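For reference, the structure is listed below as structure tokens.
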Number of protein chains: 2
Amino acid sequence: MPTIYEVAAAAGVSPATVSRVFNGANVSPEKAEAVRRAAKEMSFTPSRTARTLRLQSSEVIALVIPDIENPFFTALARGVEDVARAAGYSVVLCNTDEDHEKELRYLDIALSATMAGVIIAAAGGNSDLSGLIARKCPVVAVDRSPHGVDVDAVIVDNRAGGRAATQALVEQGFQRIACITGPSDVETATQRADGWRDAVTGNGTTDDRYLRFADFRVDGGATAMSELLALPEPPDAVFVANNLMSVGALRVLSEQGKLPPATGVAVFGDLPFLPLVPIPITVVHMPARHLGTTAAKLLLERISGDDQPARTIVLRNQLTPVG
Amino acid sequence: MPTIYEVAAAAGVSPATVSRVFNGANVSPEKAEAVRRAAKEMSFTPSRTARTLRLQSSEVIALVIPDIENPFFTALARGVEDVARAAGYSVVLCNTDEDHEKELRYLDIALSATMAGVIIAAAGGNSDLSGLIARKCPVVAVDRSPHGVDVDAVIVDNRAGGRAATQALVEQGFQRIACITGPSDVETATQRADGWRDAVTGNGTTDDRYLRFADFRVDGGATAMSELLALPEPPDAVFVANNLMSVGALRVLSEQGKLPPATGVAVFGDLPFLPLVPIPITVVHMPARHLGTTAAKLLLERISGDDQPARTIVLRNQLTPVG
DNA sequence: CTTGACGGTGAAATCGATTTCTGACAGGGT
DNA sequence: ACCCTGTCAGAAATCGATTTCACCGTCAAG
């Protein structure tokens, strides 16, 4: 790894001049050319580490997500990346696995590596962003807005989405509509369940025996579905609050020969890789990529010094009717 | 961001002592305690940037993949992450989008940030790893082994997998077996197609009109399938060389009412989120996570100084029969 | 009582880039 | 001829941690 000093020596100038060439300051054409030749010659790349240390900031933003294997979050990541790259920033992806400890570790890294900012889909509700806030590190919450701290957030209207999905089941004539949602300490999970409750109230059984808190994963969805079907009076329809759990739920329904249209199914969030649509289910489409691009834009604004009070942007979901 | 100097001042010791406390060198219990108290008090975190600059290496490894939205690569990423984290390393994910320029940029970053090592699923065959090699930066190739350079690699037997998948179609009695594979400059694509050719030779039409080079993406798979079906004598079966393209291909087959078992379908690689298995297709299961864990282990060995000649590890695929 | 070893500590050099400060020099106006 | 302005370039300080080197006690062996 050649350094700026070696390049300077080779080009017969001072390190300061080399730095100026690479940062677009005023340098005479001849010296600039000499520097560029020497740099190319020895394939010199300025050390980001040294640069970051000196400037106390880097062009890297951290994207902290709870589950890298969920297509929703990878689509979101693509959105973030597109915007960030266009602005000259690199994105590093941090997978927390819904684990607060891992999350905290990554936030620590973001700080101690003086990253430019953080976009976070918090694991659980009570993520500790206090360190970032105290250090004035720009933060944008996405998909889930953490409890208690006031930061920019980009979310969807979970309650309205849950309500609309459930409402669709009501209109299809189902009577006992169950709900499988995520962990009770995750805001998106409870809000979607609230939407379900809104829609079933007065339109069927609101009985909380039909409500299951699972884990936003395939197996959790399957387990919850099995439990529901084992009830004395099993539900005739189910609203599943995320994409992965719907996979599990549908598997169980399939095993028991109760696939739609026998059972009504509405899902919050899409599964991008279904080769065909053999089964009629209602889907609340999530603008995953837009969540990412929007969050990235907000973050870039903050990074460039914008310090207006925190904003919350609510994107719209779209309901795909049964088809 | 408090520095080691401020902690030293608060604890009444020298910065050297603070450093020693945090790195487990010999320090008297009282001073150590004082340092720890002061550090906690002002919630001090050592600057990774400074540390990295001084040590000329960081505990971060870069994982460079061509498509973060492909479940295969995210599963692989999980594997890498599990092993890396257990060894105290952080993983940063770099998505190249099959773009050589982006890839080169990320490799440059890895170098200039003095990362501990790189695991790369190369975009296209002729990725330029020469910079890494010249700088002796540990590299492990995964899934695809780059052309021309001799580095550790963890791969699967693509040709054997392609042959087995196609052979299964032969045994099911299909006559005109087509092949949809990836870009012709990606090794995995051509090898899988070679496997197809092995199996169809003498067992049906080897006509290269039945061979399509697509892009390893959903839409590419769909387009290729449409073209194949539009042939004067369309194929009665198809071997699709990756998971995403199979989604597109099956969509087209569905639209034309030619879903399996009417058409034979065999796929290299799995789609994890199929809620049910309504259609009988043959799947070559890829050990994605194992590819990741194995690659990470190799890399860690290299990082800790192992300099034996490069190795190639070939993992086994498993054929899931029609079901 | 001297010598050597050793644990504990601080001062200062170091990693590689950026930037301020300063000086040299050229050109234009009076 | 003199001053002022402006451009270009180098010396040196700086970012924050690590580590070498030197030094001081203390204690044990001779």
Side-chain angles (χ1 to χ4, degrees), chain A residues 1-36 38-39 42-60 88 108-116 135-137, chain B residues 1-36 38-39 42-60 88 108-116 135-137:
Chain A
M1 290 292 273
T3 75
I4 204 172
Y5 295 93
E6 305 174 43
V7 175
V13 299
S14 78
T17 300
V18 177
S19 171
R20 286 193 262 258
V21 169
F22 276 84
N23 293 291
N26 277 337
V27 174
S28 73
E30 314 88 60
K31 304 222 174 195
E33 181 48 30
V35 167
R36 256 185 276 274
M42 50 217 303
S43 62
F44 161 77
T45 312
S47 155
R48 279 173 197 260
T49 310
R51 180 165 215 277
T52 300
L53 177 60
R54 177 63 230 239
L55 297 184
Q56 293 296 312
S57 87
S58 65
E59 287 97 21
V60 175
D108 241 32
I109 292 183
L111 268 180
S112 71
T114 53
M115 295 193 184
R135 302 308 200 289
K136 299 199 196 315
C137 174
Chain B
M1 291 292 273
T3 74
I4 205 173
Y5 294 94
E6 306 175 43
V7 174
V13 300
S14 78
T17 301
V18 177
S19 171
R20 285 192 263 257
V21 169
F22 276 83
N23 293 292
N26 276 336
V27 174
S28 72
E30 315 87 61
K31 303 220 175 195
E33 181 48 29
V35 167
R36 257 185 276 273
M42 50 218 303
S43 62
F44 161 77
T45 312
S47 154
R48 278 171 198 260
T49 310
R51 179 165 217 275
T52 301
L53 177 60
R54 177 65 229 242
L55 297 184
Q56 292 295 314
S57 87
S58 65
E59 287 98 21
V60 175
D108 242 32
I109 291 182
L111 269 179
S112 71
T114 53
M115 295 192 184
R135 267 36 165 240
K136 300 200 196 315
C137 174

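Here the structure is a predicted model, which is why all the values come from computation and not from measurement. Chain identifiers are assigned alphabetically (A, B, ...) following the order of the sequence lines, protein sequences preceding nucleic acid strands; residue numbering begins at 1 within each chain.
Of the residues near DNA chain C, B/A50 and B/S14, the one whose nearest nucleotide (by heavy atom distance) lies more toward the 5' end is B/S14. Of the residues near DNA chain D, A/P29 and A/P15, the one whose nearest nucleotide (by heavy atom distance) lies more toward the 5' end is A/P29.
Across all strands shown, B/F22 has no heavy atoms under 4.0 Å from either base or sugar-phosphate atoms. No engagement by B/V18 is indicated, since no non-hydrogen atom pair under 4.0 Å with the nucleic acid exists. A/S47 comes within contact range of the sugar-phosphate backbone alone, with a heavy-atom separation under 4.0 Å but no base atom that close.
In this structure, A/Q56 atom CD and D/dA13 atom P are separated by 19 Å, rounded to whole Å. The nearest whole Å value for the distance from the CZ atom in A/R51 to the P atom in C/dT18 is 5 Å. Look at CG on B/L53: it is 7 Å from P on C/dG16, rounded to the nearest Å. Atom CZ of A/R20 is separated from atom P of C/dG16 by 20 Å (rounded to the nearest Å). The distance between atom CG of B/N23 and atom P of D/dG16, rounded to the nearest whole Å, is 18 Å. In this structure, the CZ atom of B/R48 is 13 Å from the C1' atom of D/dA17, given to the nearest Å. The distance from atom CZ of B/R54 to atom C1' of D/dT18 is 5 Å, rounded to the nearest whole Å. Distance, B/Y5 OH to C/dA11 P: 11 Å, rounded to whole Å.
Here A/T3 does not reach the OP1 or OP2 of C/dG16: none of its side-chain N or O atoms lies under 4.0 Å away. Taking side-chain N and O atoms only, A/T49 has no distance below 4.0 Å to OP1 or OP2 of C/dC15. Residue A/S19 has no polar side-chain atom (N or O) positioned under 4.0 Å from OP1 or OP2 of C/dT19. Remark: A/T17 is in phosphate contact with D/dG10, judged by side-chain N or O atoms under 4.0 Å from OP1 or OP2. A/N26 has no side-chain polar atom (N or O) that falls below the 4.0 Å cut-off from OP1 or OP2 of D/dT7.
For the pair B/R51 and B/P46, the minimum side-chain heavy-atom distance is 4.5 Å or more.
Of the possible polar contacts, one joining the B/S58 side chain to the B/T114 backbone as a donor-acceptor pair under 3.5 Å is found.
Closest to the side chain of A/F44, from the set D/dA9, C/dA11, C/dA17, is C/dA17.
Listed here is the closest heavy atom pair of A/E6 and A/M42: CB-CE, 3.9 Å. When all heavy atoms of B/V13 and B/V35 are compared, the closest pair comes out as CG2-CG2, 3.8 Å. Residue B/M115 comes nearest to B/C137 through the heavy atom pair O-SG, 4.4 Å, listed as atom of the first residue, atom of the second, then distance.
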